[in-house]
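Here the structure is laid out as structure tokens; the discussion comes afterwards.
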Amino acid sequence: MSVYGYLVAFWLVLAGSFGIVRSRDLIHSVVCLSVAQSGTYVLLLSIGFQTKATPPVYGSPPSTPTRSVTDPVVQAMTLTDVVVSATVTALLLAMAVQIHKRHGTLDPDELRALRG
Amino acid sequence: MVALTVVGLAGTAVVMTVRTDRQAVALAAFGLSLAVLFMALQAPDVALSQIGVGTAIVPLMVMLTVRKTRQSR
Amino acid sequence: MSRTARTVMFAAAGGAVAVFAVLAVVRLPAFGSPYHPYRDHAFLAGVAHDTANLVSSVNFDQRGLDTLGEETILLASVMGVSVLLRRAEDEEEHDDRSVGWVLDATRLGGYIILPVTVLVGFDVITHGHLTPGGGFQGGVVVGTGIHLMYVAGRYRSLERMRPTTPFEWGEAVGAGAFAAMGVAGLLVSGAFLANLISYTGFGQLFSSGTVALLNGAVGIEVASGVMVLLAKFLEQAIVLRRREDGEK
């Protein structure tokens with residue numbers, strides 16, 4: 001099945017979004033958002049993969065550069081994305097803490113009802 | 001192929017866990033399975049970031065948030 | 001909008017996304033195919049600049065502007081967290097004497113592994129242009145390594161060990177150093193974030209020019225950012241308690 005990797009990636013994105021839609025707790029939504037983001041990482045890396053290729057690093061053990069390596073461009077994108085999305089998740093969790101302090105609840109349906 | 005299936009199942013498990021303190025642990029396990037998948041896809045840099053961040057930092061912050069919001073309820 | 005209405009709308013939209021995804025996916029190159037045009041170009045450019053780790057070369061040399069943007073996001077969200085999690089008016093510091101009980105084995109293991117982890121983190125940062133790793137990964141390792149003090153010991157010792165202000169400065173210095181090196185590249189050779197320093201010696205420690213320096217700057221920034229983040233969250237969860245009514 002040569003498209004299995006891409007399908008798993010899209011499944012993760014959809015499952016994460018489903019979790020956000022059905023969630024009763026803001027923290028649960030934030031974690032499901034993190035799952036959906038991981039789906040994009042899987043998609044990026046699956047595109048860059050080549051069977052029987054090595055990682056695009058030649059420093060250890062020191063070796064002569066060859067061309068049959070996995071794609072470094074998508075790996076570079078994904079690795080900065082991983083760290084940055086963790087920080088954004090932290091920001092969302094901090095907002096959840098503040099919301100809880102101000103309104104006493106973390107249920108999205110109840111929060112919708114608080115106006116004014 | 002196996003790693004992809006494990007990742008898909010772990011992700012579904014994280015979404016289906018409703019109790020947020022258990023979800024933090026499930027998220028750590030999901031992060032670890034992702035790191036194994038990244039190594040299988042020959043991407044050691046990404047696996048390094050994923051282990052440090054997704055297994056140590058984000059579950060810790062989720063747990064601390066859960067603790068904080070349970071406290072003043 | 002009620003929960004069932006949301007679910008119905010998601011079922012419709014999600015179904016459409018799934019159909020389009022499957023249609024798109026069968027048109028992608030097969031999983032594991034040898035057709036990667038970006039990889040070929042990145043390989044040539046990375047080897048031309050004598051950088052052994054192609055991923056670091058892409059991150060800091062070929063697409064350095066993207067990395068500047070990403071670390072600015074990091075800086076901004078840590079700033080956002082610091083603002084959001086400051087002490088509110090109805091909270092006070094709560095001296096937590098009841099610290100619970102840590103196994104002696106955990107304590108010993110933590111105290112031994114902490115310096116090793118921090119050293120390994122610095123090694124990952126500085127060798128980012130040779131081995132898998134670099135500023136982002138090594139910064140995370142250093143940041144979490146210092147918090148082993150919290151796992152193995154008491155929160156108060158962790159607090160004494162890491163006052164927050166130097167780390168907030170450290171984060172700003174790291175981000176500023178990255179931008180400053182970019183401007184230096186602009187002044188010297190007309191391109192922002194150009195690779196200035198000599199980069200000969202493939203596979204040696206002093207190769208790849210500014211990639212190693214930018215790695216260091218990002219490593220400082222990420223490590224400080226992680227420290228500040230975890231410090232704010234720990235402080236919120238452990239130290240601050242809502243002041244009881246009647247004590248205002």
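Because the structure is predicted, anything quoted here is derived from the model rather than measured.
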**Complete:** Note: vs chain A, highest number of non-hydrogen pairs under 4.5 angstrom among Ala24(C), Gly134(C), Ala21(C), Gly135(C) is Ala21(C)
**Request:** Sort out for me which of Leu74(C), Asp66(C), Val78(C) touches chain A most, counting heavy-atom pairs under 4.5 Å.
**Result:** Leu74(C)
Segment of [X] engaging chain A (4.5 angstrom heavy-atom cut-off):
X: Ile73(C); answer: side chain
X: Val17(C); answer: side chain
X: Val55(C); answer: both
X: Asn59(C); answer: both

**Fill in**
Honestly, the part of Thr78(A) sitting under 4.5 Å from a heavy atom of chain C is neither
**Prompt:** Are any non-hydrogen side-chain atoms of Val97(A) and Leu84(C) less than 4.5 angstrom apart?
**Reply:**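 In short, these two side chains do not touch, never coming nearer than 4.5 Å.
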**Request:** Among Val83(A), Val21(A), Val13(A), Val84(A), single out the residue with the greatest number of heavy-atom pairs under 4.5 Å to chain C.
**Result:** Val21(A)
**Prompt:** Quick one: of Leu79(A), Val82(A), Val73(A), Thr80(A), who has the most non-hydrogen atom pairs under 4.5 Å with chain C?
**Reply:** Thr80(A)
**Message:** If I compare all heavy atoms of Thr7(C) with all of Arg22(A), which pair ends up nearest, and what's the gap?
**Reply:**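 What the structure gives for the nearest pair is OG1-NH1, 3.3 Å.
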**Asked** Of the non-hydrogen atoms in Glu70(C) and Asp81(A), which two are nearest, and what is the gap between them?
**Response**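 Nearest pair, atom of Glu70(C) first, then Asp81(A): OE1-N, 3.7 Å.
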**Item:** Spatial distance of atom CZ (Phe10(C)) from atom CG (Leu14(A)) [nearest 0.5 Å]
**Value:**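 Phe10(C) atom CZ to Leu14(A) atom CG measures 5.5 Å (nearest 0.5 Å).
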**Request:** Could you tell me which residues in residues 85-95 of chain A have at least one non-hydrogen atom under 4.5 Å from a non-hydrogen atom of chain C, sorted by residue number?
**Result:**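 So the qualifying residues are Thr87(A), Val88(A), Ala90(A), Leu91(A), Leu93(A), Ala94(A), Met95(A).
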